[in-house]
Structure formats: C-alpha cells, structure tokens
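Structure first, then comments.
We count residues from 1, following the sequence as given. Heavy-atom basis, side chains included; hydrogens, waters and symmetry copies ignored.
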Amino acid sequence: MKTYALLLSALFAMPAIAADNKEQAKGFAFEKYNRKSSDLRIQTEGIDMENGVLGIADDRGFTLQSRDGRFVFKPYLFLQTRLTCNYYDDEGLDKAYNQDNVANSGFAMPYAILGFTGTTFGRLDYNLSINAAATGGNVLQQAWADYRISPAARFRAGKFKTPFFHACLTTLGETLFPLLPTSLTATTIMPYSLNAVTPAIGTGFDLGFQFHGKARLSHKQNSWTIGYEAGLWNGTGSNVNTATKTLSDDLHIPSLLYAARLTFMPWGTMPATQGNSHLLHGRHMLFGLSGGINVESENESTNDTRLGIEWSILCGRWYAAVEGYWMHVSFTKRQKIDEAYNYWGAYGQLGYFFTKSIQAGLRYDFLDRNGSNKDGFLNMPAAVMNYYVSRCNLKLSAMYQFTGRYGHATQLDRDNDDLGISTHTATIQLQYSF
C-alpha cells in the first residue's frame, strides 16, 4: 500500500512539475485553456467520455501530453456523497413485528474513484479506475486497453461497461439523475422460491472483449454516423473478477454474455452525457438498438435474453431520452421448470438548463416487475434539480422519486410487487471530479 500511495503521489505531482517548466515543455499548456472553458463562454466539443466515469478533455484538471499528441496521461478523481431518506410501505404487516418504515437512510458514498486514462503511440487507449468505496470485486471498477485500427474498427479487452441501455452507458458523472431508473436496477420477482434466480434487466460493468467503432456516412464533419459494439463477457457482473464459467449443457456453447448494440446518429457523434454545462450550444441525436443473451446466468439456472430500444437528444440547453427494454427468462433443463417469463420496462426523461449552472429534470419510470403473465406494474415518477458550481467541477443534485403500484389482482400481489423498493425516496448528492 505504501508503494501504491507513493506512486499515486508521484503521478499527481507530475503536472505541477511540468507547469513550472512551461518554457522547456510547451506541450503542457493546458492551464490557460482550462480557465477559458470554466467560464462557460465556449463550446467544448472535444470532451473524451470513453472512460465511462466522467467527461475528460484537455481543458479539465491536469493532463500530460507529448508535443505530437501521441502520448496522453490523465489522472482523475471522482467522488459522490449522498444523503438519502427511504420510506417503505407497511406491506400489510402488523406493527407488532416492529416494521421500520424509514430504512436504508443516512449518508452514503457510492463512488470514491481514483484512476488514470490516456493514449499511447497514438493508437492504444487505456483506463484504470479503483472505487475505494466498494467491496470485493467491485473495487476494480474498470481496467481495459483499447486498440484503434481506425475510428471504425477498434477492439477493447478488460473490465468495462457492457453495450446495453443508454441510461447505463451514459458517463457516470454526467447523468441527469443521481439514481438510475429503478426499472433497470430492481431484481425481478419469480414465482418460485429460488434465492439464486433474481435477474435484473440492467447490465453493467463486466469482464470481456468487444469490437466497436464509429463511421461517418458522408464527408461532412457533423453528419450521419453509425456506431456499433459487439462482444463477449463473463455475464457475472462487476463483483466477480475471476473466470468461473463453463459450457452450456443445453445450448452447447460457452456460458457467457453475448451482447451487441447498433446506433445511428444523424448529427455526428452523440456525447455520452445527459447534461454538461460545457455543451450548451450544439445539437446531437441518437437512435439505438441493443440486445444480448446471458447463457446459464444466475448460478447456471437461467438463460436471460434482453432487447432494448433507445432514443436521446441534446439540443442546446435541452436533453431528452426515451428507452424501452424487454427480458425473457427461461430455465435450464436441470431446473426442470418448463415455464418461461417475460419482463419489460421503460422510462422517459427530460432535462433543461435554465442557466449555465442550473438544470432541472423530470422522469417517468415503468416496470412490469412480476412478469407479463401476472397483472400489475410499478410506475415511478421522479424530479431532480442540479446545480453546477463553475470553476471547480462541483455538482449538487437533489432528487425525489415516488413508487406507485397499479392494476394488481389482489392486495397480496400489490404488497409483493414492490418488496425492497421504497415508496418515497429523497436524495441529495454532492459530486466532485477532476
């Protein structure tokens, strides 16, 4: 640990040393450009969001770069601190059981990330981020290398985001709401007492390999652009960093996550952001289709097929997105369960910058959590207010979400459908990054 701490100290000190020698190393002249951008008087189009944590450009914080631009080194820090209050419904339980309506409340730190990213030899991008607030395998949030044959042909290997869902693929520090849509993160309800079978529609960080790229369909700078990602992952999620998979007894293929995403962007590349105070003048739009199958997931118990459709737009101060997704869960033969179950969800959200520092947003989230074969669904409206503190990369967010239940056949079905999900959620979050 001492060696690691000394290494980090040395890395973070390098930009300061370089700044003292500007006459000898003109390649480190980023401080002046940073001041211009922090005034929010210019459009910053070149923000690199490939690392998935926060938008990174030469005009943010410290960056070391060779004179020819073939070598770039950017250390970064990302912190989120939350104050959350969750109020849960009684679910028909007697107060004698000491049911706590307020639970899972107080202060939390979901992310305390140290990392560095950059480019070597003008072709190989890299990223490593450690989340000190996590435990187990989640401590290693990302670790990947990305080789660029051309902008349209790249391949990446390591731990990174799987290509599914606009909400998850948005850069972590650039989301409109501090909490992801519940329809993506909540586990589904199965009609069997199988503790090991609790799939969620959303997928996140995982170990794997993918081909990806973007290609313009014309020679114009901001014109029709096609993007794609396709690859293989373990399918075990971000908390497992070891090889634990086998061959499928039913499909006779490796029991991995097979996933792909295809996007069309009519106005040039769409930044992976839902609101950035440095991007208030341009226009970008994205249409996307994604899908995948997680073979022998949930401890080799199910095969989970997911499909998603998405649309998002950034136009001046406005941001909007609509996304829908469907998951088909079928059991493996060893489970001796013939039934299959379908779950689906969707959300729409809208954000607007009233000033260069104040952004407000609304979201409606929908989830058929108990499956399409059973009546009832959850609807979760939410509102947010974001305040961006200029010149120091601070972001303050305040959010409220209500979880409603509708259309259930019985009161027991109604009580079971939102188990583990709070009826009222209020969150205040302070975010800092550089």
Side-chain angles (χ1 to χ4, degrees), residues 1 3-5 7-8 50-53 78 109-117 124-147 154-165 168-169 172 180 184-185 187-188 194-212 229-261 290 292-306 327 329-335:
M1 289 298 295
T3 303
Y4 182 68
L7 177 60
L8 281 179
E50 287 292 326
N51 77 327
V53 178
F78 182 83
M109 178 167 281
Y111 295 103
I113 294 175
L114 280 173
F116 52 86
T117 188
L124 184 67
D125 297 338
Y126 62 90
N127 185 50
L128 173 66
S129 60
I130 304 298
N131 184 10
T135 59
N138 285 318
V139 172
L140 180 63
Q141 195 214 39
Q142 289 190 79
W144 51 259
D146 190 308
Y147 182 72
R154 305 172 63 171
F155 63 85
R156 177 179 296 186
K159 187 175 186 179
F160 51 96
K161 291 182 178 181
T162 54
F164 204 40
F165 310 119
C168 297
L169 291 173
L172 181 63
L180 287 173
L184 287 173
T185 59
T187 58
T188 56
L194 299 173
N195 294 331
V197 183
T198 56
I201 296 180
T203 58
F205 294 99
D206 210 336
L207 287 167
F209 176 90
Q210 81 170 12
F211 287 99
H212 66 114
E229 301 101 35
L232 303 174
W233 290 263
N234 279 341
T236 49
S238 61
N239 62 340
V240 179
N241 295 327
T242 56
T244 61
K245 308 302 290 195
T246 181
L247 291 177
S248 169
D249 296 330
D250 302 341
L251 304 178
H252 308 293
I253 59 176
S255 57
L256 301 171
L257 169 63
Y258 303 76
R261 179 172 177 254
S290 55
I293 177 171
N294 197 352
V295 179
E296 287 199 354
S297 66
E298 307 300 314
N299 295 303
E300 302 182 23
S301 297
T302 63
N303 298 308
D304 307 336
T305 302
R306 295 172 173 87
M327 180 173 68
V329 178
S330 61
F331 289 89
T332 56
K333 291 181 180 179
R334 71 178 69 181
Q335 296 295 325

Run the numbers on Phe165 and Ile201 for side chain to side chain contact (heavy atoms under 4.5 Å, CB included), then give the verdict.
CA-CA 10 Å; Phe165 310 119; Ile201 296 180; 3.7 Å; yes
May I ask you to test the Leu247-Ile253 pair for a side-chain heavy-atom distance under 4.5 Å?
no
Could you check Gln335 against Val197 for side chain to side chain contact (heavy atoms under 4.5 Å, CB included), going step by step and ending with a plain yes or no?
CA-CA 11 Å; Gln335 296 295 325; Val197 183; 5.8 Å; no
Geometric class of the Phe155/Phe211 ring pair [parallel <30°, tilted 30-60°, perpendicular >60°]:
perpendicular
Interatomic distance, Asn234 atom CG to Thr242 atom OG1 [nearest 0.5 angstrom]:
8.0 Å
Quick check on side chain to side chain donor-acceptor pair (under 3.5 Å): which of Asn131, Asn138, Thr203 does Ser238 satisfy it with?
Asn138
Please report the interatomic distance OG1(Thr198) to CD(Glu298), rounded to the nearest 0.5 Å.
5.0 Å
Would you call Leu172 and Gln141 a side-chain contact if the rule is heavy atoms closer than 4.5 Å?
yes
Of all the heavy-atom pairs spanning Ala112 and Met109, show the shortest one and how long it is.
CB-SD, 3.8 Å
Which heavy atom of Val295 sits nearest to which heavy atom of Ser248, and what is that distance?
CG1-CB, 3.6 Å
Under a 4.5 Å cut-off applied to non-hydrogen side-chain atoms, are Ser297 and Asn303 in contact?
no
Distance from Leu251 atom CG to Ile293 atom CD1, nearest 0.5 Å?
6.0 Å
Go through the side-chain N and O atoms of Thr302 and Asp304 and say whether any donor and acceptor fall under 3.5 Å apart.
yes
Pairing of Asp206 and Lys161 as salt bridge, 4.0 angstrom limit
no
I need the minimum non-hydrogen distance between Asn294 and Arg306, along with the two atoms involved.
CB-NH1, 4.0 Å
Does any part of the side chain of Thr236, heavy atoms only, come nearer than 4.5 Å to the side chain of Thr244, both counted from C-beta?
yes
Does any part of the side chain of Pro199, heavy atoms only, come nearer than 4.5 Å to the side chain of Val329, both counted from C-beta?
yes
Distance in Å, Lys245 NZ paired with Leu207 CG, rounded so as to fall on 0.5 Å steps
11.5 Å
Test item: Arg156 side-chain N/O and His212 main-chain N/O as donor-acceptor pair under 3.5 Å:
no
Could you tell me which non-hydrogen atom of Lys159 sits nearest to which non-hydrogen atom of Trp144, and how far apart they are?
O-CD1, 3.3 Å
Is Asp249 salt-bridged to Arg334, going by a charged N under 4.0 Å from an acidic O?
yes
Can you name the closest pair of heavy atoms from Trp233 and Pro163 and give their distance?
CH2-CD, 3.2 Å
Can Thr246 and Ser255 be counted as having a side-chain donor-acceptor contact under 3.5 angstrom?
no
How many angstroms lie between atom CD1 of Ile113 and atom OG of Ser129, to the nearest 0.5 angstrom?
5.5 Å
Ile130 side chain near Leu140 side chain, heavy-atom distance below 4.5 Å:
yes
Pairing donors with acceptors under 3.5 angstrom, does anything connect the side chains of Asp250 and Thr332?
no
Measure the shortest side-chain to side-chain distance between Asn127 and Phe116 over non-hydrogen atoms and say whether it is less than 4.5 angstrom.
no
Looking only at heavy atoms, the pair that brings Thr162 and Leu257 closest together is CG2-CD2, 3.9 Å
